[in-house]
Novice: 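Sharing a structure here in structure tokens format.
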Amino acid sequence: MRVVVLGSGSQGNSLIVELGNRRLIVDAGFSCRELERRVRSVGIDPDAFDALLLTHEHGDHVRGAARFARRHCLPIYATEGTLEEVALSDEVRSSAVTLRSGEPKAIGEFQVEPFLVPHDAREPVGLVIEDGAGHRLGLVADLGSPSRLAWGRLRDLDVLVMETNHDLEMLRHGPYPWPVKQRVAGRHGHLSNREAAENLPELVSDRLRHVVLYHLSRTNNLPALALAAVGEALHECDSPAETTVTFQDEPSAWLEV
Ligand SMILES: [Zn+2]
Ligand SMILES: [Zn+2]
């Protein structure tokens, strides 16, 4: 199994998971045309997906979802709450599949396990995606705080894709209005570098090989700060896991899970 992040940040998020000839696209936070451009730029035909999974209904995760699904005849997999919040054509809605927290779902060779996360959307989820050989990828895209439920699911991963949204000092002294700062830093907003780093050791195991830093704010974070915080946490628990930071404007390299 391998994964590539098409882009990540407050302006749009999407990633692809591939196993042989089967592919999932998770979130579609770019316009349909931009999404197609990015998919092609990592060597994939936009018609070559099996499903589109949505973590929650915020625009930076669903901007191109309805159109991409319709154009490429893809079933959307999302929680009931998310499906109710996204505007979909009747055709796309009728082929949608409901995800429920704690109920694993087989999609082709993939086993997908959704779990609820604390974030200010209707029914947001994180995902663990497993292949037939037991390789496990965990994704927590938007996360207000590290909940017991989420941390319980994110065990025994090979690759963890995790939000490191902001540096608390940059947020505090940055340009956002006070209520927005409070929302971002709140328990149902976004995860800071420090929160990610402090709670990462619980998720470290011998098999964790890679931590992908996701959803960095361009206004309130710097890649070097996020990398330093997470790198130090991994170093302190003697984990050899590597870290990769992802960007808004360009896809990452493919990563083996
Ligand atoms: Zn969100
Ligand atoms: Zn988001």
Side-chain angles (χ1 to χ4, degrees), residues 3-17 24-32 34-35 38 52-66 68 76-88 99 101 114-127 137-147 149-150 153-154 160-168 170-171 174 176-177 179-193 195-196 211-223 226 245-252:
V3 59
V4 66
V5 173
L6 294 176
S8 182
S10 321
Q11 307 298 314
N13 297 276
S14 186
L15 61 83
I16 297 171
V17 185
L24 307 177
I25 182 161
V26 180
D27 284 337
F30 300 96
S31 71
C32 182
E34 176 63 11
L35 203 56
R38 289 183 187 228
L52 165 59
L53 280 66
L54 300 177
T55 59
H56 65 296
E57 71 273 21
H58 289 160
D60 58 318
H61 298 261
V62 305
R63 188 162 293 118
F68 191 82
I76 290 183
Y77 286 68
T79 62
E80 203 174 321
T82 299
L83 288 171
E84 280 172 12
E85 296 294 326
V86 184
L88 300 171
L99 293 177
S101 178
F115 51 88
L116 289 176
V117 292
H119 182 58
D120 50 10
R122 265 289 290 284
E123 197 182 351
V125 286
L127 301 168
L137 166 80
L139 166 70
V140 271
D142 290 36
L143 186 65
S145 42
S147 72
L149 172 64
R153 305 290 174 188
L154 295 168
L160 169 64
V161 182
M162 182 190 214
E163 167 167 55
T164 50
N165 177 258
H166 57 276
D167 171 78
L168 213 45
M170 283 185 73
L171 177 69
Y176 282 12
V180 180
K181 290 183 182 182
Q182 279 187 308
R183 186 230 148 203
V184 169
R187 289 189 53 76
H188 294 86
H190 290 278
L191 204 66
S192 70
N193 296 341
E195 286 171 300
V211 180
V212 179
L213 308 185
Y214 202 64
H215 216 295
L216 272 77
S217 164
R218 272 203 284 217
T219 311
N220 302 309
N221 209 352
L222 293 170
V245 71
T246 58
F247 297 95
Q248 188 71 86
D249 292 330
E250 54 185 287
S252 70

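Note that ligands are numbered from 1 as they come in the structure, with each ligand's atoms numbered from 1 the same way. Along the sequence shown, residues carry numbers from 1.
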Novice: Measure the spacing between CZ of R187 and CG of L143 and express it to the nearest 0.5 Å.
Specialist: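 Between atom CZ of R187 and atom CG of L143 there are 10.0 Å.
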Novice: How about the Zn ion (ligand 1), which protein N, O or S atoms come within less than 2.8 Å?
Specialist: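 Counting only protein N, O or S atoms under 2.8 Å from the Zn ion (ligand 1), the list reads H56 NE2, H58 ND1, H119 NE2, D142 OD2.
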Novice: Can you sort out the partners of S10 under side chain to side chain contact (heavy atoms under 4.5 Å, CB included), two or more places apart, ordered by chain and number?
Specialist: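 Partners of S10 under the side chain to side chain contact (heavy atoms under 4.5 Å, CB included) test: S217.
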Novice: So, taking the atom named CG in N13 and the one named CG in L139, what distance separates them when rounded to the nearest 0.5 Å?
Specialist: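 Here the interatomic distance stands at 9.0 Å.
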Novice: With distance as the sole criterion, is a donor-acceptor pair present between the side chains of S192 and E195 under 3.5 Å?
Specialist: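 The answer is yes; a qualifying pair exists.
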Novice: So does E80 have more than 12 non-hydrogen atoms from other groups sitting under 6.0 Å from CD?
Specialist: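 No, the 6.0 Å shell around CD holds no more than 12 heavy atoms from other groups.
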Novice: Between L216 and Q248, is there a side-chain heavy-atom distance shorter than 4.5 Å?
Specialist: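 No - every pair of side-chain heavy atoms lies 4.5 Å or more apart.
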